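Predicted, not measured: the structure shown is a model, and the values here were computed from it. Lettering of chains follows the sequences in order, A, B, ..., and the numbering in each one begins at 1. All heavy atoms count here, side chains included; hydrogens, waters and symmetry mates do not.
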Amino acid sequence: MIDSVMASENYVLAKKLLDAAAFRHELIATNLANVETPGFKRVDLAPDFSQKLGSLVQKGDLDGTRDLAIQHHEDTHAGPARPDGNNIELDRELLELNRNALEYEFLAEYTSNSLQRLKTAITGRVI
Amino acid sequence: MMNLIPAIDVTASALTAEKVKLDVVSQNIANAHTTRGPDGMPYARKIVSFEAELNRAGGLGGATGQGVRVGQITEDKSLGPLVYNPSHPDADAGGMVRMPNVNLAMEMVDLMTASRSYEANLSVVRTARQMAQKALRIGS
């Protein structure tokens with residue numbers, strides 16, 4: 001029973017995506033820290049992360065998703081660079097920051113609920 | 001080591017750097033009319049430049065966490081305007097006084113950008129704290 005929650009596809013994926021969201025928060029924080037650094041290019045999650053994850057899920061390869069590396073890349077095409085070579089837009093980063101935080105909250109809530117269900121099953125009463 | 005609050009050191013470095021910038025801007029504004037410094041010359045406007053700094057290797061995907069630090073504080077070498085004021089103690093033989101090259105409009109723009117970036121980084125901290133709280137409540 002415990003295995004069926006701990007090894008269920010959604011739970012494993014939620015954990016992976018929580019990691020990705022925490023990492024993405026670090027990247028956005030880096031962008032906002034360097035909003036005035038000349039020549040700095042914005043960083044973000046590598047665009048192939050979600051594609052790889054998607055294809056692994058379709059194949060049903062859960063172990064593969066566990067080992068999938070979460071990498072970052074320099075986003076050089078993020079939009080017009082300023083004359084000093086910096087291509088960070090403050091509003092865009094703040095928007096992404098909030099979106100990412102919401103995603104993180106959702107995933108944390110989901111993980112929490114999965115564990116709650118397990119608790120309900122163990123104790124036999126709804127907490 | 002994993003941070004409890006994600007990316008807090010990156011944001012902290014940015015807050016420090018923005019504060020240095022605010023310091024320098026306020027110094028420029030304070031000395032907007034200083035015609036004689038320790039070297040006998042009118043005050044020269046100071047410019048702050050930032051550079052990215054690799055805080056630590058690690059994170060989930062390798063080297064991340066590029067903080068920011070104040071690269072250097074340089075002096076604007078351009079000459080300030082000459083103002084005719086023969087009664088001024090620093091006036092030359094022709095009654096002209098060399099004023100500092102501080103342009104208040106430019107300083108105000110710098111002040112606004114620094115304070116907006118400061119606010120942006122503060123909101124990163126706020127969001128990070130909310131995320132950490134959510135993570136701590138998993139399972140309860």
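In this view, B:R137 and B:Q133, B:K134, B:S140 satisfy the side chain to side chain contact (heavy atoms under 4.5 Å, CB included) rule, not counting sequence neighbours.
Between B:R116 and B:E119, at least one side-chain N (NZ, or NE/NH1/NH2) sits under 4.0 Å from a carboxylate O, which counts as a salt bridge. Between A:D63 and A:R66 there is a salt bridge, with a side-chain nitrogen of the basic residue lying less than 4.0 Å from a carboxylate oxygen of the acidic one.
One distance of note links NE2 of A:H73 with CG of A:L27; it measures 9.5 Å at 0.5 Å rounding. Note: A:L95 CG to A:N100 CG = 11.5 Å, rounded to the nearest 0.5 Å. Once rounded to the nearest 0.5 Å, the distance linking CG of B:D110 with CE of B:M106 reads 7.0 Å.
Below 4.5 Å, heavy atoms of chain B meet heavy atoms from A:N34, A:V35, A:E36, A:T37, A:P38, A:F40, all part of residues 34-51 of chain A. Listed by sequence position, B:F50, B:E51, B:A52 are the residues of residues 25-52 of chain B in contact with chain A, using a 4.5 angstrom heavy-atom cutoff. Listed in order of number, the residues of residues 107-115 of chain A that approach chain B to under 4.5 Å between heavy atoms are A:A108, A:E109, A:T111, A:S112, A:L115.
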### Task
Determine, stepwise, if the pair B:V10 / A:E26 fulfils side-chain contact (heavy atoms from CB on, under 4.5 Å).
CA-CA 8 Å; B:V10 174; A:E26 277 191 40; 5.9 Å; no
### Query
After noting the C-alpha distance and the side-chain angles of A:L53 and A:L17, does the key distance pass the side-chain contact (heavy atoms from CB on, under 4.5 Å) rule?
CA-CA 10 Å; A:L53 194 65; A:L17 288 173; 3.8 Å; yes
### Message
Please determine whether side-chain contact (heavy atoms from CB on, under 4.5 Å) holds for the pair B:R98 and B:D90, giving the CA-CA distance in whole Å, both sets of side-chain angles, and the decisive distance to 0.1 Å.
### Response
CA-CA 8 Å; B:R98 176 74 69 188; B:D90 290 326; over 6 Å; no
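If you measure heavy-atom distances from A:L32 to chain B, the contacts under 4.5 Å come from both the backbone and the side chain. Both the backbone and the side chain of B:A128 come within less than 4.5 Å of a heavy atom of chain A. Proximity to chain B involves both the backbone and the side chain of A:L97, based on heavy atoms less than 4.5 angstrom apart.
The shortest heavy-atom contact between A:I88 and A:N86 is N-OD1, 2.8 Å.
Contact check for B:I138 versus A:L18: side-chain heavy atoms found under the 4.5 Å cut-off. Residues B:L82 and B:V97 form no side-chain contact, since every pair of their non-hydrogen atoms from C-beta on lies 4.5 Å or further apart.
Within a 6.0 Å sphere centred on CZ of A:R99, heavy atoms belonging to other residues, nucleotides or ligands number 12 at most.
Judged by distance alone, the side chain of B:N101 and the main-chain N or O of B:D76 form a donor-acceptor pair under 3.5 Å. Between the side chain of B:N121 and the backbone N or O of B:L15 there is no donor-acceptor pair closer than 3.5 Å.
Considering only heavy-atom pairs separated by less than 4.5 Å from chain A, the leading option among B:V124, B:V125, B:T11, B:T113 is B:V124.
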